[in-house]
Number of protein chains: 2
Amino acid sequence: MASTLNETADRTIARPSGLSEEVYRRVRADIMSLKIPPDTRVSVDSLARELGVSQTPIREALSMLEANGLVSKRHFAGYATSPRMDRAQLDELFEFRLLIEPHAARKAAEAMADADKRALSSGETAPSHEAFADMDTEFHRLIAQGAGNHLIADSLARLHIHVHIFRACFRSEITEEAVHEHDAIIAAIHARDGGKAEAAMRRHIERSYGRLRDFIKD
Amino acid sequence: MASTLNETADRTIARPSGLSEEVYRRVRADIMSLKIPPDTRVSVDSLARELGVSQTPIREALSMLEANGLVSKRHFAGYATSPRMDRAQLDELFEFRLLIEPHAARKAAEAMADADKRALSSGETAPSHEAFADMDTEFHRLIAQGAGNHLIADSLARLHIHVHIFRACFRSEITEEAVHEHDAIIAAIHARDGGKAEAAMRRHIERSYGRLRDFIKD
DNA sequence: AAATCAAATATCCTATAGGATTTAAGAAAC
DNA sequence: GTTTCTTAAATCCTATAGGATATTTGATTT
């Protein structure tokens, strides 16, 4: 019985999604945690030595990261993490979020599966201060997923990575207000009130923008 | 004289933006032109032999294409172009476009630079039937760029590639109506009427959706 | 005749070595 | 003290060989 279980587990594990994917996840995590700060050179050789793999998967991972805007490459000059967002980029990012996420919240309120609705509430119950970023990311991911549109979900996932990095740069820990705003959105979704969910999400993003904008002078 | 020619040639070649980038453009063009049809295996070795380069730049290019959703990779099974969009994906794509492009048209009408406005009209003057796809892509690209938000422009560029492929699959050549709809948008932008531009763009996308939807049964 | 199993092929994935190029540091000259 | 040139380091790009896996083909059995 246990053997059967292990075999099934082995089968799933026997399908490692490839070293490139593994490296991709690892480097992306290092960038998001600021272990590799913005605007920092990233050497293929160093990474290969550090992770104990050859250069090929490193290159593939960095190419994917480049396509996602987390690093940039210069010919014969190597890779470097993207510089921290400036004011203009922050404005553009939140303009984009205001286009997408309120609509996603409306659709989620109207069509979200019950299982996801439960996950939405449960995740919110443990807002440990240091894991606020992960909680926030998961919250917005669930709503985007609840909208039932993969393009919306993928776009927002990409954007939230940059929000995450930006927030990490400033050790922003203003969780109090954000949690209340989240609660309002959750309540509207549970009530299946699309209009209210959309408005609550719009307000949340606008206020979130106001909180982050204060960190930038230029 | 041959030496002079060679030297000039050497100079231009001596400044390649990278083989990976070159391969990326080439393969993307082949996918968009259906020279590589949807749901088709793409061999790293074959590409390397065909293009006369080693495997490394091929892999980097395919990794970038994968991050952009044009090909998918299965571990130890190679790359393959994404299958043609089905009905659900078409619905999601146009839902997304309706979120973004009307807003982009409004902003473009309010803030577009005069040079881009001229380019908008000039491009529309030569609607050769076989190049309609390129013209349409350029039209929407200019408006997205006119909105002054790189995220909007990049997102739409990604989406339009898939629209392009879908249209190519069905040899869709209904340019008549589309050109008229474009004209309405252009007129609104030239008049700097944001509301009208937004409405015209929304109508254009909705009707464009109706035209493409007819090609799908499932 | 259809289904199942085994071997062979084709492909991917990895590792290592070597050549080519850019960038950066350090010394010399003005 | 500043500029320029030379040298060195770091990096990318390529090529080749070997191991691992999926797919295909063919033979055997039911």
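By convention in this document, chain letters (A, B, ...) are assigned in the order of the sequence lines, proteins followed by strands, and residues within each chain are numbered from 1.
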Among dC13(D), dA15(C), dT11(D), the nucleotide that comes nearest once only the side chain of Ser54(A) is considered: dA15(C)
Check: Thr81(A) side chain, Pro37(A) main-chain N or O, donor-acceptor pair, under 3.5 Å: yes
CG-CD1 distance between Leu47(B) and Ile58(B), expressed to the nearest 0.5 angstrom: 5.0 Å
Interatomic distance, Glu60(A) CD vs dC12(C) P [rounded to whole Å]: 11 Å
Parallel, tilted or perpendicular: ring planes of His182(B) versus His140(B), cut at 30 and 60 degrees: perpendicular
Selected nucleotide, minimal atom distance to Val44(B) side chain, candidates dT23(D), dA15(C), dC12(C): dC12(C)
Rounded distance in Å - CD (Glu21(A)) to P (dT14(C)): 12 Å
Ile58(B) CD1 - dC13(C) P separation (whole Å): 14 Å
Protein-nucleotide distance (Lys73(B), atom NZ; dA22(D), atom C1'), rounded to Å: 15 Å
5' precedence on DNA chain D between Gln55(B) and Val42(A) (nearest-nucleotide basis): Val42(A)
Of Tyr79(A) and Thr56(A), the one whose closest DNA chain D nucleotide lies more 5': Tyr79(A)
Among dT14(C), dT11(D), dC13(D), the nucleotide that comes nearest once only the side chain of Arg59(B) is considered: dT14(C)
Partner of Asp136(A) under side-chain hydrogen bond (donor to acceptor under 3.5 Å, both in side chains), chosen from His164(A), Arg167(A), Arg141(A): Arg167(A)
Closest to the Asp45(A) side chain, choosing from dT14(C), dT11(D), dC13(D): dT11(D)
Rounded distance (Å) that lies between atom P of dT21(C) and atom CZ of Arg74(A): 18 Å
Helical bend (five base pairs per end, nearest 10°) for the helix from dA1(C)-dT30(D) to dC30(C)-dG1(D): 20°
Arg49(A) CZ to dA17(C) C1', straight-line distance once rounded to whole Å: 15 Å
From CZ (Arg84(A)) to CZ (Phe170(A)), nearest 0.5 Å: 4.0 Å
Check ion pair Arg26(A)-Glu22(A) (N to O, under 4.0 angstrom): no
Distance-minimising heavy-atom pair for Ile189(A) and Ala197(A): CG1-CB, 4.2 Å
Candidate nucleotides dC12(D), dT11(D), dT11(C), ranked by approach to the side chain of Ser43(B) - the nearest: dT11(C)
